[in-house]
Amino acid sequence: QNKNSALKRRKRNRFYLCIFLGFLLFCILGGAIVAVSRMDQFQIKNVTISGNTVTDGAMIEDIVRSELKDFYLWVVPKSNSFLFPKRIIKSTLLSEFSRIEKVEVSRTDLSTIAVAVFERKPKALWCEGSTPFLTGRSLSSCYFLDNNGLIFGRAPDFSRNVFVLYLGNISATTTLGSIYGGGHFSEYAFFTQSLIAEGLRVTDLIVWKEGSRELYLSSGVKILFDN
C-alpha cells in the first residue's frame with residue numbers, strides 16, 4: 001500500500017514538474033520572441049508611397065503609420081517589418097480612398113515598407129440633377145465614373161470637354177462609392193462610344209430609375225429609349 005502511494009506521488013510530482021517546465025519554456029520562448037520583435041533594427045521607420053497622382057500621399061502615409069502603432073496581444077509591435085499588418089493596411093486604404101482601385105504593400109528592407117497605389121481611371125462623368133449640359137447646367141457637382149460605373153472622385157470643371165456626361169439614376173445623397181446604372185454602366189458606355197465612333201458627338205445620357213434613357217447630341221438632338 002505504501003509503495004503504491006509513493007509511486008502515485010512520484011508520478012503526480014513528475015506530472016506537475018512537466019507542466020512547470022513546459023510553462024517555463026513557453027515563457028522563455030514567448031519572452032524571446034517579444035524581445036526580438038521589439039528590437040530597433042526590425043522596426044519600420046520609413047514608408048514610401050508611389051502611384052498616387054491625385055490622392056494625397058501624406059494622408060496615405062498617416063493611415064499606414066496609424067496602423068503600425070498598435071500591438072498584437074498588447075506586447076508585439078505591428079511596426080515589426082516581418083509582422084506588419086499588410087492586409088489591414090490594404091483594406092483600410094481601399095475603404096478610405098474611393099479613388100484607389102488597388103494597393104500593394106511590400107517590405108523593401110528591415111526598416112522600410114513600400115506602398116504602391118493604383119488609382120481608378122476616369123471613364124465618364126456623373127453630375128447631380130437631370131438637366132442636360134446643353135441647357136447651360138452648372139458643372140459644380142460632377143464626379144468621375146470608372147469603367148464599372150463607380151463614382152470615385154469629384155471632377156474639375158475642365159473635365160466636361162473630355163468625357164460624356166451621365167445624369168440621373170443616383171440620389172445626390174449617395175455619391176462617392178455609388179454604382180451608376182445598377183451594374184449596366186458598361187452597356188451604356190459601349191453604346192455611347194459606338195455612336196461616337198460613328199462620328200456622332202454624344203454629350204449627355206440620362207438614365208431614369210425605371211430604365212428609360214435620354215441621349216443628347218451636341219447638335220441639340222434628343223433620342224429617347226424605352227426600357
Side-chain angles (χ1 to χ4, degrees), residues 1-122 144 146-154 173-179 183:
Q1 183 70 27
N2 291 335
K3 288 183 178 180
N4 290 337
S5 298
L7 181 60
K8 290 180 179 179
R9 186 166 55 253
R10 284 196 297 271
K11 287 183 177 179
R12 184 170 59 250
N13 291 340
R14 191 178 298 117
F15 174 72
Y16 290 147
L17 179 61
C18 289
I19 291 179
F20 173 75
L21 292 177
F23 177 74
L24 182 62
L25 179 62
F26 173 80
C27 290
I28 292 174
L29 291 177
I33 291 173
V34 171
V36 171
S37 71
R38 299 173 76 98
M39 292 178 67
D40 185 67
Q41 59 263 44
F42 297 136
Q43 302 308 303
I44 296 171
K45 302 180 181 67
N46 308 308
V47 178
T48 63
I49 312 296
S50 63
N52 57 307
T53 56
V54 179
T55 310
D56 190 335
M59 293 180 65
I60 295 175
E61 183 174 349
D62 287 344
I63 289 176
V64 173
R65 290 191 179 278
S66 69
E67 295 294 340
L68 299 176
K69 289 180 180 179
D70 206 355
F71 293 83
Y72 298 108
L73 301 175
W74 304 284
V75 290
V76 178
K78 291 185 177 181
S79 58
N80 182 280
S81 58
F82 293 99
L83 303 173
F84 69 94
K86 182 184 297 186
R87 291 184 179 178
I88 294 178
I89 290 173
K90 288 182 179 180
S91 62
T92 302
L93 290 176
L94 290 173
S95 64
E96 288 291 329
F97 301 101
S98 58
R99 185 178 289 272
I100 296 178
E101 184 174 19
K102 180 183 175 183
V103 178
E104 292 182 355
V105 184
S106 59
R107 183 182 65 249
T108 56
D109 57 46
L110 293 181
S111 62
T112 305
I113 59 172
V115 179
V117 300
F118 299 84
E119 297 179 332
R120 300 180 187 277
K121 300 294 188 293
F144 286 124
D146 72 356
N147 57 356
N148 295 314
L150 177 74
I151 297 177
F152 66 86
R154 186 176 288 275
T173 59
T174 56
T175 50
L176 291 179
S178 298
I179 299 292

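Atoms CD1 and CD1, from Ile89 and Ile60 in turn, are 12.0 Å apart once rounded to the nearest 0.5 Å. To the nearest 0.5 Å, the span separating CG on Leu150 from CD on Glu101 amounts to 9.0 Å. With rounding to the nearest 0.5 angstrom, the NZ atom of Lys90 is 12.5 Å from the OG1 atom of Thr92. A distance of 13.5 Å separates CG of Leu24 from CD1 of Ile19, quoted to the nearest 0.5 Å. Atoms CD1 and CG, from Ile33 and Asn80 in turn, are 11.5 Å apart once rounded to the nearest 0.5 Å. The distance from atom CG of Asp146 to atom CD1 of Ile179, rounded to the nearest 0.5 Å, is 7.0 Å.
Scanning both residues, Ser37 and Pro77, for their nearest heavy atoms gives O-CG, 3.5 Å. A pairwise comparison of heavy atoms in Val75 and Arg38 identifies O-NH1, 2.6 Å as the closest pair. When all heavy atoms are compared, the tightest approach of Lys78 to Pro85 is O-CD, 3.6 Å. Nearest approach of Gln43 to Met39, heavy atoms of both residues: NE2-O, 3.0 Å. The two residues Val76 and Leu83 come nearest to each other via the heavy atoms CG1-CD1, 3.6 Å.
A donor-acceptor distance shorter than 3.5 angstrom exists from the side chain of Glu119 to the backbone of Val54, with no hydrogens or angles considered. In this structure, the side chain of Glu61 does not engage the main chain of Ile49 through any donor-acceptor pair within 3.5 Å. In this structure, the side chain of Lys45 engages the main chain of Asp40 through a donor-acceptor pair within 3.5 Å. At least one donor-acceptor pair closer than 3.5 Å links the side chain of Arg107 to the backbone N or O of Ser81.
For residues 41-91, the set of pairs meeting the ring pair (Phe, Tyr, Trp, His ring centres under 6.0 Å) definition, not counting sequence neighbours, comprises Phe42-Phe82.
Within a 6.0 Å sphere centred on CG of Leu73, other residues, nucleotides and ligands contribute 12 heavy atoms or fewer.
Shown here are the salt bridge (charged side-chain N to carboxylate O under 4.0 Å, His left out) partners of Glu96, two or more places apart in sequence or in another chain: there are none.
Between Ile63 and Phe97 the shortest side-chain heavy-atom distance falls below 4.5 Å.
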Practice prompt. Walk me through it: do Val105 and Val64 pass the test side chain to side chain contact (heavy atoms under 4.5 Å, CB included)?
Written response: CA-CA 10 Å; Val105 184; Val64 173; over 6 Å; no
